[in-house]
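These numbers were taken from a predicted model, which means no experiment stands behind them. Just so it is clear, the values below take in all heavy atoms, side chains as well, and ignore hydrogens, waters and symmetry mates.
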Amino acid sequence: MEKDRREQTEAETWSPEETFALGERLGAACAPGEVYTLTGDLGTGKTVFTQGFARGLGIEEPVNSPTFTILQIYEEGRMPLYHFDVYRIADAEEMDEIGYEDCLYGRGVCLIEWADLIEEILPDSYIRVIIEKDPEKGFEYRRITMEKVGAGRQK
C-alpha cells in the first residue's frame, strides 16, 4: 500500500530559537498543497515550530495554537497557512463542520497539531513531524523527526 512508503530525517535542537529556525527553514521551502502533521506531548514546542514555519512563509502576525478555535488561517504570506489544533476533537467527523477538505486540498499549506486523532481523514501523502523531549540531554533539547508518508507531494 502506497501510504506505507516513508522517507525520514532527524534534527536536534537545543533551544526554542533553534526549533523556531528549523520550522522557518521548512516554511520557506514548502509548496502549496503540502500537509504537515505535528505530533508531540504538551510543551514539546509544536507552537514554536509552527511560529517559525509561519515566518518562513512570510507571515509576520502573531501565531498561536488554535486550541479552542480548532483552525486559524493566515493569508499574509506567500501562500495561505491553515493551522489546525485538533486536540479537542472527539471524532474526526467533527472536522467536516469546519470545512477541513477545503484547507487540506486548497492552495495553501496545512499544519495539523495532534493529527494522530484524525488520522483516518488525512490525505494519502503528508509529512509527519514528531517533536520529542529527552530530559537527559537538557530541558531545551528536542529531537525532531520528519517523515514523508505516502507516495509524494499533495496535488
Side-chain angles (χ1 to χ4, degrees), residues 1-41 44-67 69-87 89 92-132 142-155:
M1 179 178 203
E2 284 292 323
K3 197 166 184 169
D4 293 331
R5 198 177 98 197
R6 295 164 193 235
E7 298 172 30
Q8 182 174 302
T9 59
E10 278 192 11
E12 293 181 307
T13 64
W14 298 89
S15 68
E17 294 79 15
E18 287 183 8
T19 301
F20 182 98
L22 177 61
E24 187 174 19
R25 286 192 302 276
L26 289 172
C30 73
E34 289 182 334
V35 174
Y36 291 78
T37 66
L38 299 178
T39 304
D41 292 335
T44 55
K46 295 182 298 293
T47 300
V48 169
F49 178 90
T50 300
Q51 290 167 339
F53 195 96
R55 182 64 52 87
L57 286 169
I59 297 167
E60 297 292 328
E61 68 182 280
V63 172
N64 296 301
S65 188
T67 302
T69 59
I70 312 235
L71 170 63
Q72 181 68 45
I73 300 172
Y74 302 93
E75 297 194 65
E76 75 176 60
R78 64 182 174 87
M79 73 181 87
L81 170 61
Y82 306 108
H83 181 201
F84 291 87
D85 182 331
V86 298
Y87 183 73
I89 293 285
E93 289 179 11
E94 291 179 45
M95 294 293 287
D96 289 331
E97 297 172 22
I98 59 174
Y100 80 95
E101 286 183 329
D102 292 339
C103 299
L104 256 56
Y105 303 103
R107 58 186 175 83
V109 61
C110 287
L111 266 167
I112 307 170
E113 296 186 41
W114 301 98
D116 51 323
L117 299 173
I118 59 162
E119 199 166 40
E120 64 268 25
I121 63 170
L122 291 176
D124 290 337
S125 177
Y126 59 93
I127 296 128
R128 178 182 294 134
V129 178
I130 303 165
I131 304 176
E132 300 170 290
R142 301 295 184 265
R143 179 179 40 252
I144 302 173
T145 305
M146 292 153 286
E147 180 178 64
K148 191 175 199 178
V149 177
R153 195 173 65 74
Q154 277 301 109
K155 297 285 182 216

Side chains of Ile127 and Val149: does their closest heavy-atom pair fall under 4.5 Å? no

Specify the closest pair of heavy atoms between Val35 and Pro123, including all atoms of both residues, with the distance to one decimal. CG2-CG, 3.9 Å

Taking all atoms of both residues into account, what is the closest heavy-atom pair of Leu122 and Ala115, and its distance? CD1-O, 4.2 Å

Between the main-chain N or O of Trp114 and the side-chain N or O of Lys46, is there a donor-acceptor pair closer than 3.5 Å? no

Run the numbers on Cys110 and Phe84 for side chain to side chain contact (heavy atoms under 4.5 Å, CB included), then give the verdict. CA-CA 8 Å; Cys110 287; Phe84 291 87; 4.1 Å; yes

Taking the side chain from Glu119 and the backbone from Asp116, do they hold a donor-acceptor pair closer than 3.5 Å? no

For Tyr82 together with Tyr100, are the ring centres under 6.0 Å from each other? no

To the nearest 0.5 Å, atom NE2 of His83 lies from atom CG of Leu38 at 6.5 Å

If only atom types and distance count, is the side chain of Glu147 paired as donor or acceptor with the main-chain N or O of Gln8 below 3.5 Å? no

State whether Arg143 and Glu12 are salt-bridged, where the test is any N-O pair (Lys NZ or Arg NE/NH1/NH2 against Asp/Glu carboxylate O) under 4.0 Å. no

Do you know which two heavy atoms are closest between Ala54 and Leu81, and how far apart they sit? CB-CD2, 3.8 Å

Using distance only, find each side-chain donor-acceptor pair of residues 70-79 under 3.5 Å and give its atom names and separation, not counting sequence neighbours.
from	atom 1	to	atom 2	distance (Å)
Glu76	OE2	Glu60	N	2.5
Arg78	NH1	Cys30	O	3.3
Arg78	NH2	Gly27	O	2.8
Arg78	NH2	Ala28	O	3.0
Arg78	NH2	Cys30	O	2.9

Value for OG1 (Thr13) from CZ (Phe20), rounded to nearest 0.5 Å, stands at 13.0 Å

Is Arg142 reaching over with its side chain to a backbone N or O of Thr44, donor-acceptor style, under 3.5 angstrom? yes

To the nearest 0.5 Å, what is the distance between CG on Asp85 and OG1 on Thr50? 9.0 Å

Under the criterion side chain to side chain contact (heavy atoms under 4.5 Å, CB included), which of Thr39, Ile118, Val129 is the partner of Ile112? Ile118

Look up atom CG in Leu117 and atom OG1 in Thr37, then write down how far apart they are to the nearest 0.5 Å. 11.5 Å

Intermediate values then yes/no, side chain to side chain contact (heavy atoms under 4.5 Å, CB included), Met146 and Leu26: CA-CA 10 Å; Met146 292 153 286; Leu26 289 172; 3.5 Å; yes

Interatomic distance, Ile130 atom CD1 to Glu10 atom CD [nearest 0.5 angstrom]: 9.0 Å

So CZ of Arg128 and OG1 of Thr145: to nearest 0.5 Å the spacing works out to 10.5 Å

